[in-house]
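Below you'll find the structure, written out as structure tokens, and then a few comments.
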2 protein chains.
Amino acid sequence: MAKIFKALSNEKRLQLFKNIYEWQVGEMKPEETLQCCDGIKKTFTKACGCMDLSRSTVSHHLKELQNAGLITCIREGQTLVCKVNQDVIDAVKTFID
Amino acid sequence: MAKIFKALSNEKRLQLFKNIYEWQVGEMKPEETLQCCDGIKKTFTKACGCMDLSRSTVSHHLKELQNAGLITCIREGQTLVCKVNQDVIDAVKTFID
DNA sequence: TCGAATGTACGATAACCATCGAACATACAA
DNA sequence: TTGTATGTTCGATGGTTATCGTACATTCGA
């Protein structure tokens with residue numbers, strides 16, 4: 001559980017996680033979507049664009065999130081598609097009780 | 001929010017926080033209570049005893065938890081009385097949705 | 001009042017982390 | 001097939017953190 005919290009303890013990484021979640025559930029405002037992402041697809045690329053981090057840093061953060069089990073990323077050609085693991089989120093919810 | 005997660009991202013500090021919570025709500029098993037604490041009182045002292053950390057380290061961790069708003073500590077004579085801030089916990093719950 | 005117990009403040013140190021750029025690998029389009 | 005875009009890996013570097021021991025302040029009991 002500490003591992004999960006650690007993954008969310010970095011400001012940028014938390015933002016990245018939130019973005020992935022919002023892209024996934026489609027709760028992002030249209031203009032943000034246009035600026036920042038292409039829906040759930042192209043997570044990586046667009047994250048770089050809107051978060052002002054180098055590609056290597058984004059790669060590292062994504063790996064941390066995966067490592068904590070918070071997201072799962074699969075490759076689709078050149079791009080990455082990342083999605084949130086709801087069961088881990090639920091585990092956190094359960095823990096906080 | 002990242003600050004809160006950071007406060008919980010250390011294994012020992014998370015354990016400490018859980019102890020404080022359990023001591024507070026009285027959900028700790030009697031034998032643990034005997035070993036580890038005197039109810040909500042003497043949080044600090046007993047934390048040192050059962051967590052295998054120096055006093056200065058425990059002091060530091062408590063300060064981090066306070067800093068994140070997760071707990072509030074007040075002094076009672078020689079000892080510290082710490083309690084969990086439920087509203088911050090609720091904020092975390094709300095965030096995870 | 002004196003001494004023990006409790007908690008805090010400080011400085012040191014080793015470990016960890018965030019970030020970058022460069023070099024690389026892969027995929028796709030021209 | 002060649003170039004461009006995309007992601008990954010690596011090493012460097014500066015910053016942060018966990019932990020300790022020591023020294024200090026406060027409280028309380030003898």
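Here is how names work: the chains are called A, B, and so on, in the same order as the sequence lines, proteins then strands, and each is numbered from 1.
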From C-beta outward on [X], which listed nucleotide comes closest to its side chain: [options]?
{"X": "B:His61", "options": "D:dT8, D:dT19, C:dT8", "answer": "D:dT19"}
{"X": "B:His60", "options": "D:dT6, C:dA18, D:dA18", "answer": "D:dA18"}
{"X": "A:Lys63", "options": "D:dT8, C:dC20, C:dT8", "answer": "D:dT8"}
{"X": "B:Lys12", "options": "C:dT19, D:dG7, D:dT19", "answer": "D:dT19"}

In B/S/- notation (B base, S sugar-phosphate only, - none; protein heavy atoms under 4.0 Å), nucleotides 21-30 of chain C written 5' to 3' is B-----BS--
A:Asn10 and B:Ala2 have their tightest heavy-atom pair at C-CB, 4.3 Å
Minimal heavy-atom distance between B:Ala7 and B:Glu64, with the atoms involved, is CB-O, 4.2 Å
Let me know the distance between [atom1] of [X] and [atom2] of [N], rounded to the nearest Å.
{"X": "B:Gln15", "N": "D:dT19", "atom1": "CD", "atom2": "P", "result": "13 Å"}
{"X": "B:Asp52", "N": "D:dG21", "atom1": "CG", "atom2": "P", "result": "11 Å"}
{"X": "B:Leu14", "N": "D:dT17", "atom1": "CG", "atom2": "P", "result": "17 Å"}
{"X": "A:Leu65", "N": "D:dG7", "atom1": "CG", "atom2": "C1'", "result": "16 Å"}
{"X": "B:Lys6", "N": "D:dG15", "atom1": "NZ", "atom2": "P", "result": "15 Å"}
{"X": "A:Leu53", "N": "C:dC20", "atom1": "CG", "atom2": "C1'", "result": "10 Å"}
{"X": "A:Leu8", "N": "C:dC17", "atom1": "CG", "atom2": "P", "result": "15 Å"}

Tell me what A:Leu62 touches on the nucleic acid: a base, only sugar-phosphate, or nothing, going by heavy atoms under 4.0 Å.
-> nothing
Going by heavy atoms in the side chains, are A:Ile89 and A:Leu70 under 4.5 Å from each other?
-> yes
Protein-nucleic acid N or O pairs under 3.5 Å, nucleotides 12-15 of chain C:
none

In terms of side-chain heavy atoms, does B:Thr57 have a donor or acceptor partner in B:Ser54 at a distance below 3.5 Å?
-> yes
Does the pair B:Asp52/B:Lys12 count as a salt bridge with the N-to-O cut at 4.0 Å?
-> no
